[in-house]
Amino acid sequence: MSRTTPAGPADLVLTGARIHTVDPDLPEAQALAVRDGRIAWLGTDAGAAAWTGPDTTVLDAGGRLVLPGFIDAHNHVRLGSDDDCVQLAGVRTLDAIHQRIRDWHTAHPDAEWIEAEAFDYSAIPGGRMPRATDLDPATGDTPAFVLSYDVHTAWLNTAALRRLGIDRDRTSLPFGEAETDPETGEPTGFIKDFAVKGLSRDGHRALKELGVPWASADRQYGRLAKSLDDAIRFGITTVVEPQNSLDDLSLFERARAEGRLRSRIVAALFHPRGTTDADLDDFAAAAARFADDRLRVGPLKLYIDDVVEPRTAALLEPYTGCGHHRGETFYPPEEFGDLLVKLDARGFQCFVHATGDRGIRTVLDAVEQARAANGPRDARHQVVHVECLDPADTPRFAGLGVVACMQPRHCAPEIAGPGQDWAENVGPERWHKAWPMRSLHSAGAVLAFSSDWNVAEMDPMIGIYTALTRRPLGGGPAWQPEETVSVETAVHAYTMGSAYANFLEDERGSLTVGKLADFTVLSRDILRAAPEEIPGTVAETVVVGGEIVHRAGGAG
């Protein structure tokens with residue numbers, strides 16, 4: 001129990017709770033008090049009266065579980081979902097995609113563009129990548145711009161290829177690489193590397209200049225505002241937005257000015273290939289400008305490889321059924337090692353997207369090189385995703401102080417398991433490498449959990465359920481159940497693990513006297529509930545800095 005004595009009434013007192021603090025020095029409490037936005041006391045219900053005055057807001061939790069606010073360590077709140085797009089999530093056939101697009105176009109006959117998001121690679125027959133001719137029957141002469149569910153690729157129809165000036169002589173684009181037909185040399189309509197180029201500062205500007213509505217500032221802000229509302233509704237009190245240009249920071253400033261920034265934000269800046277020393281100076285200046293507990297800028301986002309589903313992640317051995325093809329890294333390993341040495345020497349923390357086992361090894365090798373060159377430091381570089389990890393590299397995370405930033409929902413059987421593109425591309429002999437959460441935790445690695453919204457659902461309850469079970473949401477057999485973790489481990493990874501991963505552990509991640517008063521009251525005790533009950537749990541009350549910002553059924 002806290003020994004802090006009140007120097008007057010608290011601003012807010014919570015009673016009647018089962019508080020899981022995620023603080024080993026005081027694991028549980030019944031009540032807490034908040035003053036000036038921070039936790040002033042934790043203890044029993046009997047002690048709460050001393051903190052309660054006539055102006056104190058008193059919350060009765062009714063015996064419910066209270067957790068620290070969730071910290072979503074990788075959440076693209078700027079990307080989706082977009083109300084002006086055709087929604088293709090869950091659509092698993094090309095015919096169904098056509099029908100969704102036709103229905104939308106009928107309702108919007110004057111639309112200059114047809115835009116859609118969240119198409120699933122498995123909807124395309126024969127395991128191939130989509131083509132413009134697959135879209136043309138549903139879109140006609142109206143240009144169509146369709147993003148994959150992971151936003152790593154784009155799919156254009158013939159009219160969009162013409163509108164964007166893409167032909168056999170112009171396939172390397174500011175916003176991606178246009179795939180070409182091996183026989184004719186003509187662009188197919190499939191755009192690779194969209195996450196790396198299309199979401200960069202130059203790529204985004206190019207899309208805006210070409211008149212793609214999705215890239216406009218108003219559409220960007222609409223996506224951000226909607227996603228921020230969702231985050232607080234789910235009890236996510238800190239969002240790490242992992243990939244932003246300097247141009248994007250004004251969107252967060254606008255959200256703050258308009259009262260939409262109820263969750264705290266950590267914004268990482270995108271470091272595409274070709275970033276200059278002058279750019280790094282600008283990044284450092286932005287980090288100095290945005291450095292309060294509501295909006296902080298600073299980490300750098302890099303890519304070493306792409307994703308498994310379109311076979312663009314870098315694997316140690318070839319993809320199943322693809323001859324010698326094993327994907328490519330975006331940098332030669334030597335160049336990437338030198339780059340990380342440089343960024344580490346300047347004090348930057350790096351978030352590196354790496355999904356394939358060769359991509360992950362390349363990052364770990366680079367961190368090892370940086371430590372040898374610059375000396376060990378508390379850098380907390382992150383490997384983001386860690387989807388296919390060779391067991392030989394598992395202990396290197398803890399040994400090198402590298403955080404495993406992982407998204408449990410990605411490994412759900414209905415997304416990545418048998419019969420899905422991920423599992424089929426990797427092959428059964430490598431399934432033991434898939435999202436090895438328990439192995440990493442057992443080896444001492446720091447796990448930071450996240451949603452990767454809008455690639456997967458934002459709700460932490462879905463991520464926790466998947467981490468515990470590795471089963472489909474609707475029930476069914478588990479996939480690689482030997483890599484499940486306990487509910488306590490999953491909660492820690494969504495709170496203290498993610499706080500530590502982002503240098504926030506002194507003020508967030510646990511309910512501890514002196515830390516920011518960010519917490520959520522859940523409708524169900526997920527620490528004691530059956531796993532299948534967890535996805536139905538809601539955040540009944542959400543508090544950020546001692547202010548009630550959300551109540552189920554209405555905003556605070």
Side-chain angles (χ1 to χ4, degrees), residues 10-15 17 19-23 29 31-42 56-61 64-73 75 77 224-241 252-267 290-297 450-451 453 458-461 491 494-496 498-499 502-523 537-556:
D11 302 319
L12 181 146
V13 167
L14 172 78
T15 62
I19 302 173
H20 180 71
T21 66
V22 196
D23 181 345
L32 62 77
V34 177
R35 183 183 288 135
D36 297 328
R38 293 183 179 268
I39 297 172
W41 168 83
L42 291 131
T56 301
T57 298
V58 179
L59 285 175
D60 181 357
R64 290 174 174 80
L65 178 68
V66 174
L67 294 178
F70 295 112
I71 300 174
D72 192 327
N75 181 331
V77 282
L224 172 63
K226 180 182 177 184
S227 293
L228 287 171
D229 287 348
D230 286 342
I232 211 65
R233 176 168 60 89
F234 291 131
I236 300 168
T237 56
T238 295
V239 170
V240 182
E241 217 306 345
F252 297 107
E253 291 183 288
R254 178 180 169 186
R256 186 172 190 168
E258 295 182 2
R260 303 298 291 270
L261 203 66
R262 292 178 288 167
S263 299
R264 307 178 193 275
I265 296 288
V266 176
F290 298 99
D292 61 41
D293 61 26
R294 287 283 172 170
L295 177 56
R296 181 167 73 83
V297 171
S450 58
S451 64
W453 170 255
M458 194 188 299
D459 187 356
M461 296 299 107
V491 167
Y494 262 113
T495 54
M496 202 62 196
S498 288
N502 291 282
F503 292 93
L504 301 173
E505 73 274 16
D506 289 339
E507 59 177 22
R508 306 177 214 181
S510 69
L511 297 175
T512 303
V513 170
K515 288 193 177 185
L516 294 165
D518 299 353
F519 59 88
T520 183
V521 182
L522 296 180
S523 64
T537 303
V538 301
E540 291 198 336
T541 303
V542 182
V543 174
V544 177
E547 177 187 357
I548 300 170
V549 294
H550 170 77
R551 290 183 188 267

query: Which pair of non-hydrogen atoms, one from D72 and one from S450, has the smallest distance, and what is that distance?
result: OD1-CB, 3.0 Å

message: Within the 4.5 Å heavy-atom criterion, are I39 and L511 side-chain neighbours or not?
response: yes

message: Does this structure show an ion pair linking D229 with R262, if we count only N-O contacts that are shorter than 4.0 Å?
response: yes

- request: Scan T237, N502, D293 and name whichever one has a side chain to side chain contact (heavy atoms under 4.5 Å, CB included) with R508.
  value: D293

query: Would R64 and S523 satisfy side-chain hydrogen bond (donor to acceptor under 3.5 Å, both in side chains), going step by step from the backbone distance to the final call?
result: CA-CA 7 Å; R64 290 174 174 80; S523 64; over 6 Å; no

- prompt: Does the side chain of V34 come within less than 4.5 Å of V13's, by heavy atoms?
  reply: no

task: Report yes if the side chains of M461 and L522 come closer than 4.5 Å at any heavy-atom pair, otherwise no.
output: yes

- prompt: Does R38 reach the side chain of E507, with side-chain heavy atoms less than 4.5 Å apart?
  reply: yes

message: Can you tell me which residue among T238, L504, I236 is in a side chain to side chain contact (heavy atoms under 4.5 Å, CB included) with R264?
response: T238

- prompt: Between D518 and V543, is any pair of side-chain heavy atoms under 4.5 Å apart?
  reply: no

query: Any side-chain heavy atom of T541 within less than 4.5 Å of one from H550?
result: no

message: For a quick test of reading the model, state the closest non-hydrogen atom pair linking A539 to F234 and the distance between them.
response: CB-C, 4.0 Å

message: Contact between I265 and F290 at the side-chain level, heavy atoms closer than 4.5 Å - yes or no?
response: no

query: Which heavy atom of I232 sits nearest a heavy atom of V542, and at what distance?
result: O-CG2, 3.4 Å

message: For D36, is there any backbone N or O sitting under 3.5 Å from a side-chain donor or acceptor partner on D11?
response: yes

